[in-house]
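Note that the structure is a prediction, hence the values are computed from the model and not measured. In this chain, numbering begins with 1 at the start of the sequence shown.
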Amino acid sequence: MRSPRRCTRNGCPRQAVATLTYVYHESTAVVGPLAAFAEPHTYDLCEPHARSLTAPRGWDVVRHEGEFEPPPPSADDLVALAEAVREAARPVTPRPPEDDQGTPANAPTGRRGHLRVIPPTP
């Protein structure tokens, strides 16, 4: 299952609830609700970092004034959870018995592609 997006600030383990985007030609930092997808030139922030963000001197900060809420689970999250449950419920196939050196007892010998199987020495 996909884990929720985390805050991109170093060492911050919190879940991201806002997205920071820089508009360089206007010298503006924009902090808004979490974007639907992680983009290469944006930064995901947790609520404390989104609320306390400051910009360099001469820059403006445009900040979302509403509540920052974590995104609801998407259909992709539910599908991933269902696939993980199916995978965990699959029966385990038994492994063939091994000899005292850890090699399968009925290991074939011969050539396969560019590799060659060499039988273990007794």
Side-chain angles (χ1 to χ4, degrees):
M1 186 168 126
R2 192 175 40 150
S3 62
R5 287 165 38 194
R6 299 282 175 205
C7 182
T8 55
R9 295 289 299 260
N10 286 338
C12 183
R14 294 186 206 99
Q15 182 178 3
V17 295
T19 297
L20 166 65
T21 306
Y22 289 108
V23 183
Y24 292 99
H25 68 279
E26 295 179 12
S27 299
T28 304
V30 180
V31 180
L34 188 64
F37 301 100
E39 297 290 333
H41 298 287
T42 62
Y43 304 91
D44 295 337
L45 300 174
C46 63
E47 186 163 2
H49 285 127
R51 297 264 182 232
S52 65
L53 179 87
T54 59
R57 183 173 291 149
W59 281 60
D60 295 319
V61 177
V62 176
R63 194 180 322 264
H64 173 72
E65 292 300 324
E67 291 294 317
F68 290 114
E69 296 180 14
S74 69
D76 292 340
D77 294 336
L78 297 175
V79 169
L81 178 60
E83 288 175 0
V85 169
R86 277 190 217 110
E87 183 69 27
R90 275 198 190 129
V92 178
T93 57
R95 294 178 57 184
E98 298 178 348
D99 62 9
D100 57 344
Q101 295 174 344
T103 306
N106 56 356
T109 59
R111 189 163 176 83
R112 182 174 185 177
H114 67 283
L115 303 174
R116 192 174 63 200
V117 178
I118 301 173
T121 56

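Looking at L45 and T8, their side chains come closer than 4.5 Å, going by heavy atoms from C-beta outward. Looking only at side-chain heavy atoms (C-beta outward), R5 and Q15 stay at 4.5 Å or farther from each other. Between D60 and E26 the shortest side-chain heavy-atom distance does not fall below 4.5 Å. Side-chain contact between T54 and V61 is absent, with no heavy atoms from C-beta onward closer than 4.5 Å.
Linking Ile, Leu, Val, Met, Phe, Trp and Tyr residues whenever their side-chain heavy atoms come within less than 4.5 Å places L53 and Y43 in a single cluster. Both V23 and V62 are part of a single hydrophobic cluster, where members link through side-chain heavy atoms under 4.5 Å apart.
In this view, Y24 and Y22, W59 satisfy the side-chain contact (heavy atoms from CB on, under 4.5 Å) rule, not counting sequence neighbours.
Closest approach of R63 and S52 over heavy atoms only: NH1-N, 4.2 Å. Closest of all the heavy-atom pairs between A16 and L34 is O-CD2, 3.6 Å. Nearest heavy-atom pair across C46 and C7 is N-SG, 3.4 Å. Looking at every heavy atom in both residues, D44 comes nearest to A38 through OD2-CB, 4.4 Å. Between R6 and P13, the closest heavy-atom pair is NH1-O, 3.2 Å.
Interatomic distance, CZ of R9 versus CG of L20, reported as 9.5 Å (0.5 Å rounding). We find the CZ-OG distance between R57 and S27 to be 14.0 Å, quoted to the nearest 0.5 Å.
T42 places no side-chain N or O within 3.5 Å of a backbone atom of T19 that could act as its donor or acceptor partner.
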